[in-house]
Amino acid sequence: MKNKELQTKQNGTKAVWAGQSELFYQGATQVPIVNSVTFGYDNVDDWFDVAIGKKEGHIYSRNTNPTVAVFEEKVRVLENAEAATSFSTGMAGISNTLYTFLNQGDRVVSIKDTYGGTSIIFLEFLPKKGVDVTLCETTDHSEIEAEVRKGCKLLYLETPTNPTLKVMDLKRLISVAQEVGAIVVVDNTFATPINQQPLALGADLVLHSATKFLGGHSDAMGGVVCGRKALIDQIFHYREINGATLHANTAYMLLRGIKTLELRVLRHNENAMKLAEYLQKHSKVDAVFYPGLASHPSHKIAKEQMTGFGGVLAFSLKGDFENVKTFLNSLELAHLAASLGSVGTLIGPPKVTSHVEASEEERKQLGIPENLIRCAVGIENIEDIISDFEQALSKV
Ligand SMILES: *Cc1c(COP(=O)(O)O)cnc(C)c1O
């Protein structure tokens with residue numbers, strides 16, 4: 001599909017119009033869901049030209065599909081990237097990206113606080129393939145710099161991190177990676193392109209679990225990677241053969257969601273800030289982790305690097321884990337569930353969700369208190385979320 005380049009720098013306009021400024025089949029203003037596995041040609045010459053990339057077009061939906069292409073275009077424009085390719089899930093995007101570039105004998109440097117699935121790739125799968133993996137203390141920039149300077153093929157970062165919202169100085173780490181010619185990949189899922197633009201800071205690739213804020217409604221899974229065309233082409237090639245393709249139906253749902261991305265993220269930012277301020281003053285709360293709070297260790301860099309602090313926060317309750325259970329079981333509005341980035345508030349303890357497989361000692365090492373609660377604040381009216389928290393905390 002051919003798209004006119006949008007003449008705007010505004011994210012709200014991009015979210016609505018990127019990839020769909022022209023009319024579609026029979027004048028349709030909305031993207032058709034093209035549930036066709038295969039695409040036909042009137043003559044062999046045209047078919048051949050598309051097959052060798054001389055002409056635009058689609059051949060088979062594992063490789064490319066018109067609905068999926070519009071989703072990719074929208075995220076590409078939002079991330080100000082040269083190219084984008086998509087996946088069936090966020091983890092497919094992450095694993096395909098890592099497997100594209102890392103082969104036996106290569107070295108990768110990353111951090112201890114990556115998303116759970118990502119850290120399993122680093123700890124379990126890549127070492128088995130003979131890739132040398134070094135995971136640094138997440139906020140120890142000097143350690144990361146020293147490890148990168150020893151030489152590596154790829155530096156993989158994620159910021160802010162789950163669940164305590166540690167923020168890394170991307171500019172600083174990217175400049176060191178550039179000294180050694182390493183590819184820098186940033187998982188931008190928590191921030192979204194509305195709050196943070198890693199490519200503008202020099203990253204080579206930015207990726208998302210579209211399942212979270214991009215889709216925004218907890219009803220569709222997907223992944224997307226953006227960056228320079230030369231790199232995206234390699235990742236696309238790995239994905240088209242390994243087959244973790246985004247489906248047209250899902251691409252449509254993600255497109256439907258992403259149109260309100262800016263609106264939603266601005267509201268998530270606002271709600272999370274207000275909830276963090278409320279919690280910080282509460283007598284039953286021990287600590288609050290939100291990069292928008294001056295008390296957060298990453299506040300200074302977050303303020304420089306991000307235009308908003310995001311919709312996820314964490315806090316710990318005083319006392320023992322029974323208090324956490326009482327509080328969570330008393331909530332009436334927020335759902336007790338994993339995941340984040342949805343219009344509805346989701347809440348749960350990392351001890352039983354993202355970090356259930358870690359030992360108490362490992363959680364301690366990662367700075368995750370046993371009484372920690374992670375909250376992915378939705379876009380409801382914040383007064384209602386706070387009064388729900390108030391009544392649940394009063395039962396503790
Ligand atoms: C959820 C998540 C992923 C994985 O995405 P899926 O769509 O669940 O595969 C990766 N990174 C981060 C930061 C996430 O929150």
Side-chain angles (χ1 to χ4, degrees), residues 68 71-72 75 79 84-99 110-125 135 138 156-168 170 185-196 198 203 205-226 235 239 242-247 250-251 253-254 257-258 261 265 268 272 289 291 298 306 309-314 337-342 345-348 350 353-357 366 368 374-378:
V68 172
F71 169 70
E72 291 167 344
V75 184
E79 286 288 6
T85 191
S86 62
F87 305 85
S88 52
T89 63
M91 278 316 303
I94 292 166
S95 60
N96 282 218
T97 299
L98 292 171
Y99 297 147
S110 188
I111 50 169
K112 287 185 179 161
D113 284 77
T114 51
Y115 176 76
T118 311
S119 95
I120 290 174
I121 294 182
F122 285 136
L123 294 169
E124 186 178 333
F125 295 114
L135 302 184
T138 300
Y156 185 96
L157 300 170
E158 182 180 322
T159 181
T161 61
N162 185 45
T164 54
L165 293 308
K166 297 172 187 168
V167 178
M168 261 144 288
L170 288 175
V185 183
V186 180
D187 184 335
N188 204 28
T189 301
F190 269 50
T192 81
I194 309 301
N195 286 334
Q196 177 172 275
L205 294 165
V206 57
L207 54 82
H208 289 273
S209 166
T211 314
K212 313 294 171 52
F213 290 99
L214 299 190
H217 295 72
S218 270
D219 56 3
M221 303 196 83
V224 60
V225 182
C226 309
I235 301 168
R239 192 271 286 155
N242 285 274
T245 303
L246 182 65
H247 192 276
T250 316
M253 296 183 75
L254 294 172
I258 206 172
L261 180 70
V265 170
H268 282 294
F289 301 84
S298 300
M306 304 174 76
F309 302 110
V312 184
L313 59 81
S339 201
L340 58 114
S342 178
T345 299
L346 300 174
I347 193 164
T353 55
S354 57
H355 291 75
V356 68
E357 272 142 41
L366 289 169
I368 300 171
R374 190 192 73 181
C375 182
V377 189

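Quick note: numbers below take in every heavy atom, side chains included, and nothing from hydrogens, waters or symmetry partners. Residue indices begin at 1 and follow the sequence shown. Numbering of ligands and ligand atoms starts at 1, following listing order. Remember, it's a predicted structure, so these values are computed and weren't measured experimentally.
- At under 3.5 Å, a nitrogen or oxygen of K212, whether backbone or side chain, sits near a nitrogen or oxygen of ligand 1.
- In summary, the atoms of ligand 1 found under 4.0 Å from a heavy atom of F190, numbered by their order in the structure, are 13 (C), 15 (O).
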| Would I194 and F213 satisfy side-chain contact (heavy atoms from CB on, under 4.5 Å), going step by step from the backbone distance to the final call? | CA-CA 10 Å; I194 309 301; F213 290 99; over 6 Å; no

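- Here the straight-line distance linking atom OG1 of T138 with atom CG of L366 works out to 7.0 Å at 0.5 Å rounding.
- Of the protein's heavy atoms, D187 OD2, 2.7 Å lies nearest to atom 11 (N) of ligand 1.
- Looking only at heavy atoms of the protein, atom 9 (O) of ligand 1 is closest to M91 N, 2.8 Å.
- Among protein heavy atoms, atom 5 (O) of ligand 1 sits closest to S209 OG, 2.9 Å.
- Ring to ring, F122 and Y156 are close: their centroids are under 6.0 angstrom apart.
- Heavy atoms of N162 found under 4.0 angstrom from ligand 1: none, in either backbone or side chain.
- Considering backbone and side-chain atoms together, T211 places an N or O closer than 3.5 Å to an N or O of ligand 1.
- Of all the atoms in ligand 1, the ones that sit under 4.0 Å from a non-hydrogen atom of G90 are 5 (O), 6 (P), 7 (O), 9 (O).
- L254 approaches A220 most closely through the heavy-atom pair CD2-CB, 3.9 Å.
- Between atom SG of residue C375 and atom CG of residue L313 there is a gap of 5.0 Å, rounded to the nearest 0.5 Å.
- Of the N or O atoms in M221, none lie within a sub-3.5 Å distance of an N or O in ligand 1.
- To the nearest 0.5 Å, atom CZ of residue F87 and atom CZ of residue R239 are 6.5 Å apart.
- The protein heavy atom nearest to atom 4 (C) of ligand 1 is Y115 CE2, 3.4 Å.
- Closest of all the heavy-atom pairs between P193 and L214 is CD-CD2, 4.1 Å.
- Taking every non-hydrogen atom of E158 and a distance limit under 4.0 Å, the qualifying atoms of ligand 1 come out as 13 (C).
- How far CZ of R374 is from CG of L346: 8.0 Å, rounded to the nearest 0.5 Å.
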